[in-house]
There are 2 protein chains.
Amino acid sequence: MEATNTCADCAVRDSALCASLNDGELMALNALGRRRKLARGEVLAWAGDDSLICGNLISGVLKLTASTPDGREQIVGLAYPADFVGRPYAGQAEFTVTAVSEAELCLFPRAPFERVLEDHARMERLLLQRTFAALDEARARMLALARLSAAEKVTGFLLDMADRATGCRAMPPGPVTFDLPLTRGEMAEVLGMTIETVSRQLTRLKSKGAITLAGARGITIRDRELLRGRD
Amino acid sequence: MEATNTCADCAVRDSALCASLNDGELMALNALGRRRKLARGEVLAWAGDDSLICGNLISGVLKLTASTPDGREQIVGLAYPADFVGRPYAGQAEFTVTAVSEAELCLFPRAPFERVLEDHARMERLLLQRTFAALDEARARMLALARLSAAEKVTGFLLDMADRATGCRAMPPGPVTFDLPLTRGEMAEVLGMTIETVSRQLTRLKSKGAITLAGARGITIRDRELLRGRD
DNA sequence: CGAGTATTTGAACAACGTCAATCCTGGTGG
DNA sequence: CCACCAGGATTGACGTTGTTCAAATACTCG
């Protein structure tokens, strides 16, 4: 049943970091890696633990969370399929990594993975570029967390999710329907607000006619302009 | 007067990225770089412009700011001497870089600098590690922006500045005096609040006896425990 | 010394959080 | 197939924090 553990039929072979390797090189990496499935809510790594593994997300969604000593939490990053997870060259993990949905990863022990990086400049460069992109995204989120109103945060989030759901292509002008990968609570954790405020904003957008809600996860963006509208 | 433009007597020769190069390699880089002085408030690069240069900060402090279309601003990063500034492998700059004090940089045109990176894996690895560190810091700041109270933000900021002022060494237990490199307005921009709230928090800490203010910039941290205290 | 700017202070207000109750929904077992 | 249950989501009333607007005061630099 588990004959699918080779890179050849990996769903993210061409979009993950591995895209920088030819088939031969991939063999070597394959020997290092092992698949791991996570259930929803399962933790891959705890903040403060030694940073022993890293890898590529194959399917599902992960969240990276930071927390204060007294337990307040904030989601500081989300990982989607083909994203790299982990922190080479680091002693300890700074953030907790948790599966938001059922997820599958291809994991490598950190030390040998670093050696692979050292031998494959192209891969290391790709990782550098991804890290730059993650940094830019984190900084853009800092602006949002600090300066946007609750309404702006929620609409921005919905538009981001819609972009992702439609494959990040130029968006069709018509309505878009998709499932949110996060609960209300997780949305609140991403946006730096409370679950109640998220819920109220969604209700407001619904009664304005900008969106439709279907169950806890389903959402349709009806009118992009209305959604963006200031009032 | 400007005979000091060589790497040999560069103040950050051993702490910037250049530390990964030997003297010979440094020669080649030196041919590429040019010094630039910025006055307080001067802008090095605007968000949205083509990302044409990058370099090392030699002296002074820079701020990276993001802003909303309607003009709200947030400082998403600060750069100190020996920090790398700029974004190799990027099309456009995402953030505006401005001098917060008089500053001096060693700048490289991006394209040739990328070629140097490609030829010097050690330097590229160092840049990757710095970028990881910057990412971790940005994410930690996301937690602070989203979840800390105004009081916690200000005390945290003061303690960070004190650490930096004392050279990031284990802090002596006694009072620490130093000059803040930022105005109240810039502190507010960093912490995601208004100038008035920053000022009120400082006044509160002063009347509590935790700090002393001297002029607009001078500050003494009198009692670390009192400063951290919840009330 | 004095103009211009930064900072402090005050009062009123709005946005968002908190607490608490209720509703929905998706899954489970009879 | 339906009733029930538990966790998630919504809604409401109210309190708090931090913003806004406005004015006074203190610095800094020429």
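Because the structure is a prediction, the values reported are computed rather than measured. A, B, ... follow the sequence lines: proteins, then strands. Residue 1 opens every chain.
- First and last contacts of DNA chain C with chain B, using any nucleotide atom under 4.0 Å from a protein heavy atom and ordered 5' to 3', fall at C/dT7 to C/dA11.
- Residues satisfying the side-chain contact (heavy atoms from CB on, under 4.5 Å) test with B/Asp223, not counting sequence neighbours, are B/Glu225, B/Leu226.
- Checked against side-chain contact (heavy atoms from CB on, under 4.5 Å), A/Asp160 has no partners two or more places apart in sequence or in another chain.
- With sequence neighbours excluded, the residues satisfying side-chain hydrogen bond (donor to acceptor under 3.5 Å, both in side chains) with B/Thr197 are B/Thr194.
- For A/Arg204 and D/dT10, the CZ to C1' distance is 16 Å, given to the nearest whole Å.
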Q) Taking it one step at a time, do A/Glu186 and A/Lys63 satisfy salt bridge (charged side-chain N to carboxylate O under 4.0 Å, His left out)? A) CA-CA 9 Å; A/Glu186 286 161 342; A/Lys63 64 177 176 183; 3.7 Å; yes
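- Defining each end axis of the helix from C/dC1-D/dG30 to C/dG30-D/dC1 as the rotation carrying four pairs' C1' atoms onto the next four, with five pairs an end, the two axes are found to diverge by 50° to 10 degrees.
- Here the side chains of B/Thr98 and B/Leu62 are not in contact, with every heavy-atom distance at 4.5 Å or above.
- The side-chain hydrogen bond (donor to acceptor under 3.5 Å, both in side chains) check on A/Gln201 picks up A/Arg204, with sequence neighbours excluded.
- Proximity of residues 209-221 of chain A to DNA chain D (heavy atom under 4.0 angstrom from any strand atom) is restricted to A/Leu213, A/Ala216.
- The side-chain contact (heavy atoms from CB on, under 4.5 Å) check on B/Ser149 picks up B/Ala151, B/Glu152, with sequence neighbours excluded.
- Side-chain contact annotation: A/Thr220 with A/Thr212, donor-acceptor N/O pair under 3.5 Å absent.
- For A/Ser67, the side-chain hydrogen bond (donor to acceptor under 3.5 Å, both in side chains) criterion is met by no residue, not counting sequence neighbours.
- Shown here are the salt bridge (charged side-chain N to carboxylate O under 4.0 Å, His left out) partners of B/Arg222, two or more places apart in sequence or in another chain: there are none.
- Nucleic acid contact class of B/Ser199 (heavy atoms, under 4.0 Å, all strands): base.
- Applying the side-chain hydrogen bond (donor to acceptor under 3.5 Å, both in side chains) criterion to A/Ser59, with sequence neighbours excluded, gives no partner residue.
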Q) Just by protein heavy atoms under 4.0 Å, how would nucleotides 15-25 of chain D read 5' to 3' in B, S and -? A) ---SBBB----
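- Looking only at side-chain heavy atoms (C-beta outward), B/Arg35 and B/Leu107 stay at 4.5 Å or farther from each other.
- Taking the six-membered ring for Trp and the full ring otherwise, the centers of A/Phe113 and A/Phe84 sit less than 6.0 Å from each other.
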